[in-house]
Amino acid sequence: MEMLAPNIYEELQGPGQFINILVDESWNIPLRRPMSIAGANRDQLTIIYKVLGRGTKRLVTKLRGDFLNILGPIGNIFNQDKFNNHHPILIGGGIGIAPILWLHNVMKGGSFQHELIIGAKSKSDHFLKHQPSRKIYLTTDDGTLGIKGTVMRVLQQVVNQLYEPMIVACGPAEMLKVIQTFLIDINIPGQMALESYMACGLGICQGCVVELTHSHQEKHSFGEKFSLICRDGPVYDISRVRF
Ligand SMILES: Cc1cc2nc3c(=O)[nH]c(=O)nc-3n(C[C@H](O)[C@H](O)[C@H](O)COP(=O)(O)OP(=O)(O)OC[C@H]3O[C@@H](n4cnc5c(N)ncnc54)[C@H](O)[C@@H]3O)c2cc1C
Ligand code: FES
C-alpha cells in the first residue's frame with residue numbers, strides 16, 4: 001500500500017522506522033496497527049502487510065484517495081555506520097521483510113555490497129525473484145520456490161564465504177532467536193528489528209516489553225532489564241535481546 005504522507009516523510013530517518021495506523025476512524029478498532037515502512041519516495045511511504053485479523057482486514061478495504069490516520073515516523077533505524085569494514089547479510093522472514101527491503105533498496109544505490117535472504121512458507125508469499133547470481137536468495141518451507149528450508153540454510157552457507165560478515169534481520173521471534181544463537185556461537189555481530197504486539201506505540205502501556213541481556217546481574221531496575229520496543233527499538237543489537 002502506498003500513501004502520501006509529506007509530514008512523516010520530512011521527518012524520516014531511515015529503514016527500521018515504522019508508522020502506527022488507526023485503521024478505523026469510527027473507533028471500532030481503537031488500537032493502532034504498527035507497520036514498518038518498506039520504502040519512501042517523494043512524500044510517499046510504502047508498507048507491505050499480511051492480512052491476519054480484524055485490523056488488517058479493515059486496512060485492505062481502503063481505496064485510492066481514502067484518508068488514513070497515521071502516527072509516525074516511530075522508532076530507531078538500522079545503524080549503517082556499523083556496516084563499515086563489514087559485509088552485510090540482510091535477512092527478512094514472513095511479515096518482517098518490509099524494513100529489510102527498504103534497507104536493501106537504499107544500499108543498492110550505495111557502495112556496500114550485500115546479500116539478501118528472504119524466507120517464507122511458500123511461493124505465493126514471495127514477490128521477488130530468486131537470483132543467487134545477484135546475491136538475492138529466496139527460501140520456502142515447502143520448496144515451491146528458491147531453496148527448500150529456512151533462511152538458516154542459506155545463512156550457514158554464505159556466512160562462511162564472506163569476509164567480516166554482519167547480519168541485519170527482521171522477522172518472527174522464532175527466526176530471530178535461531179539466528180541469534182547461531183551468531184553468538186560463531187561470534188558474528190548483527191542488528192535486528194523486533195515486531196512485538198503493541199498497543200499505544202508511545203511508551204505508555206508497557207505492552208511491548210522485551211527483556212535485555214545485561215552484564216550487571218545484581219541490578220534489576222526496570223530500565224536496565226527491560227526495554228520498550230516502541231520507545232527504544234525496534235532495532236537492537238543482536239546480542240542485547242533475551243528471547
Ligand atoms: C514495529 C512493528 C512493525 C510491523 N511491521 C509489519 C509489516 O511491515 N507488515 C505486516 O504485515 N505486519 C507488521 N507488523 C505486525 C502487524 O502490526 C500485525 O500483523 C497487525 O497489527 C495485526 O493486526 P490485525 O488486527 O490484523 O490482527 P489481530 O486481530 O491483532 O491478530 C490476528 C492474528 O495475528 C497475530 N498477530 C498480531 N500482531 C502480531 C505481531 N506483531 N506479530 C505476530 N503475530 C501477530 C495474532 O496473534 C493473531 O493470531 C509489525 C509490528 C510491529 C510491532
Ligand atoms: S506499545 Fe505501549 S509502551 Fe510500547
Side-chain angles (χ1 to χ4, degrees), residues 1-3 5 8 12-40 44-62 68-78 90-106 118-122 124-128 168-178 191-212 222-223 225-236 241 243:
M1 176 184 277
E2 288 178 348
M3 52 193 87
I8 294 179
L12 270 186
Q13 291 170 21
Q17 290 195 297
F18 61 98
I19 52 177
N20 221 354
I21 306 175
L22 188 64
V23 294
D24 190 325
E25 281 289 342
S26 67
W27 290 79
N28 283 329
I29 306 173
L31 295 182
R32 289 172 181 271
R33 294 323 198 234
M35 291 288 163
S36 297
I37 299 168
Q44 280 195 24
L45 307 181
T46 307
I47 59 168
I48 301 169
Y49 66 94
K50 182 155 190 155
V51 179
L52 282 177
R54 276 197 333 140
T56 42
K57 277 186 187 139
R58 188 79 188 93
L59 199 55
V60 96
T61 65
K62 302 291 173 190
L68 263 183
N69 182 325
I70 331 172
L71 274 181
I74 306 176
N76 61 355
I77 59 175
F78 295 114
L90 313 188
I91 308 174
I95 57 174
I97 59 170
I100 295 296
L101 271 188
W102 188 14
L103 185 61
H104 166 66
N105 287 327
V106 167
I118 303 284
K121 287 199 173 113
S122 194
S124 57
D125 297 324
H126 278 299
F127 49 85
L128 293 184
V168 181
C170 183
E174 306 79 49
M175 179 189 101
L176 296 178
K177 190 175 173 187
V178 174
Q191 307 170 40
M192 59 186 168
L194 302 182
E195 297 191 337
S196 76
Y197 294 98
M198 280 190 189
C200 72
L202 296 168
I204 299 167
C205 72
Q206 314 290 298
C208 61
V209 170
V210 61
E211 190 176 348
L212 300 177
F222 185 86
K225 200 171 180 202
F226 300 101
S227 171
L228 298 177
I229 295 174
C230 71
R231 188 194 60 188
D232 311 322
V235 178
Y236 292 85
V241 176
F243 286 103

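Atoms within each ligand, like the ligands themselves, are counted from 1 in listed order. The model shown is predicted, which means the values in this text are computed figures rather than measured ones. Values below: every heavy atom of this structure, side chains too, minus hydrogens, waters and symmetry copies.
Ligand-side atoms of ligand 2 in range of Gln206: 2 (Fe), 3 (S), range being under 4.0 angstrom from any heavy atom. In the vicinity of Ala98, heavy-atom distances shorter than 4.0 Å reach the ligand 1 atoms 8 (O). Listed by atom number, the atoms of ligand 1 under 4.0 Å from Ile48 heavy atoms are 7 (C), 8 (O), 9 (N), 10 (C), 11 (O). Ligand 2 places these atoms under 4.0 Å from at least one heavy atom of Gly203: 3 (S). For ligand 2, the atoms sitting less than 4.0 Å from at least one non-hydrogen atom of Ile204 are 3 (S), numbered in the order shown with element in parentheses. For ligand 2, the atoms lying closer than 4.0 Å to a non-hydrogen atom of Cys230 are 1 (S), 3 (S), 4 (Fe). Below 4.0 Å from some heavy atom of Ala199 lie the following atoms of ligand 2, by number and element: 1 (S). Near Thr56, with a cut-off below 4.0 Å to any heavy atom, the atoms of ligand 1 are 24 (P), 25 (O), 26 (O).
The protein non-hydrogen atom at the shortest distance from atom 40 (C) of ligand 1 is Glu195 O, 4.1 Å. Protein heavy atom in closest approach to atom 53 (C) of ligand 1: Ser196 O, 2.9 Å. Among all protein heavy atoms, the one lying closest to atom 1 (S) of ligand 2 is Gly201 N, 3.2 Å. With respect to atom 11 (O) of ligand 1, the closest heavy atom belonging to the protein is Lys50 N, 2.8 Å. Among all protein heavy atoms, the one lying closest to atom 5 (N) of ligand 1 is Ser36 N, 2.9 Å. Atom 12 (N) of ligand 1 has as its closest protein heavy atom Ile95 CD1, 3.4 Å. Of all protein heavy atoms, the one lying nearest to atom 19 (O) of ligand 1 is Leu52 CD1, 3.2 Å.
Closest to atom 1 (C) of ligand 1 by heavy atom, among Trp102, Tyr197, Tyr49, Phe18, is Phe18. For atom 30 (O) of ligand 1, the choice among Arg54, Arg33, Gln17 with the nearest heavy atom turns out to be Arg33.
For atom 48 (C) of ligand 1, no protein heavy-atom neighbour is present inside the 4.0 Å cut-off. Proximity of atom 34 (O) of ligand 1 to the protein is indicated by at least one non-hydrogen atom lying closer than 4.0 angstrom.
Here the straight-line distance linking atom CD of Glu195 with atom CG of Leu176 works out to 8.5 Å at 0.5 Å rounding. Taking SG of Cys170 as the start and CZ of Phe78 as the end, the distance is 6.0 Å to the nearest 0.5 Å. One distance of note links CD1 of Ile37 with CD1 of Ile74; it measures 9.0 Å at 0.5 Å rounding.
Within the 4.5 Å cutoff, the side chain of Leu59 has no heavy atoms near those of the Arg33 side chain. Between Trp27 and Leu22, some side-chain heavy-atom pair lies under the 4.5 Å cut-off. Between Leu212 and Tyr236 there is a side-chain heavy-atom pair separated by less than 4.5 Å.
With Gln17 contributing its side chain and Gly75 its backbone, the two residues share a donor-acceptor pair below 3.5 Å. Remark: side-chain polar atoms of Asp24 are not paired, donor with acceptor, to backbone N or O of Pro30 under 3.5 angstrom. Distance alone, capped at 3.5 Å, places no donor-acceptor pair between the Arg231 side chain and the Ile229 backbone. With hydrogens and angles disregarded, a donor-acceptor distance shorter than 3.5 Å links the side chain of Lys62 to the backbone of Val23.
Note: an N/O pair closer than 3.5 Å links Pro34 and ligand 1 by distance alone. Residue Gly53 has at least one N or O atom closer than 3.5 Å to an N or O atom of ligand 1. Ligand 1 has a nitrogen or oxygen under 3.5 angstrom from a nitrogen or oxygen of Gly55.
Atom 2 (Fe) of ligand 2 has Cys205 among its coordinating residues (N/O/S atom, backbone or side chain, under 2.8 Å). Inclusion of Cys208 in the first shell of atom 4 (Fe) of ligand 2 is supported: an N, O or S atom falls under 2.8 Å. At a threshold of 2.8 Å, atom 2 (Fe) of ligand 2 has a backbone or side-chain N, O or S atom of Cys200 nearer than that distance.
Tested against Val235, the residues Asn76, Val168, Ile77 include a single side chain to side chain contact (heavy atoms under 4.5 Å, CB included) partner, Asn76. Of the residues Leu71, Leu12, Ile8, the one that meets the side chain to side chain contact (heavy atoms under 4.5 Å, CB included) test with Ile19 is Ile8.
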Check against side-chain contact (heavy atoms from CB on, under 4.5 Å), Leu194 and Met192
CA-CA 6 Å; Leu194 302 182; Met192 59 186 168; 4.3 Å; yes
Hey, mind stepping through Arg32 and Asn69 against side-chain hydrogen bond (donor to acceptor under 3.5 Å, both in side chains) and telling me if it holds?
CA-CA 9 Å; Arg32 289 172 181 271; Asn69 182 325; 2.8 Å; yes
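Environment of NZ in Lys177: sparse, with no more than 12 heavy atoms of neighbouring residues, nucleotides or ligands closer than 6.0 Å.
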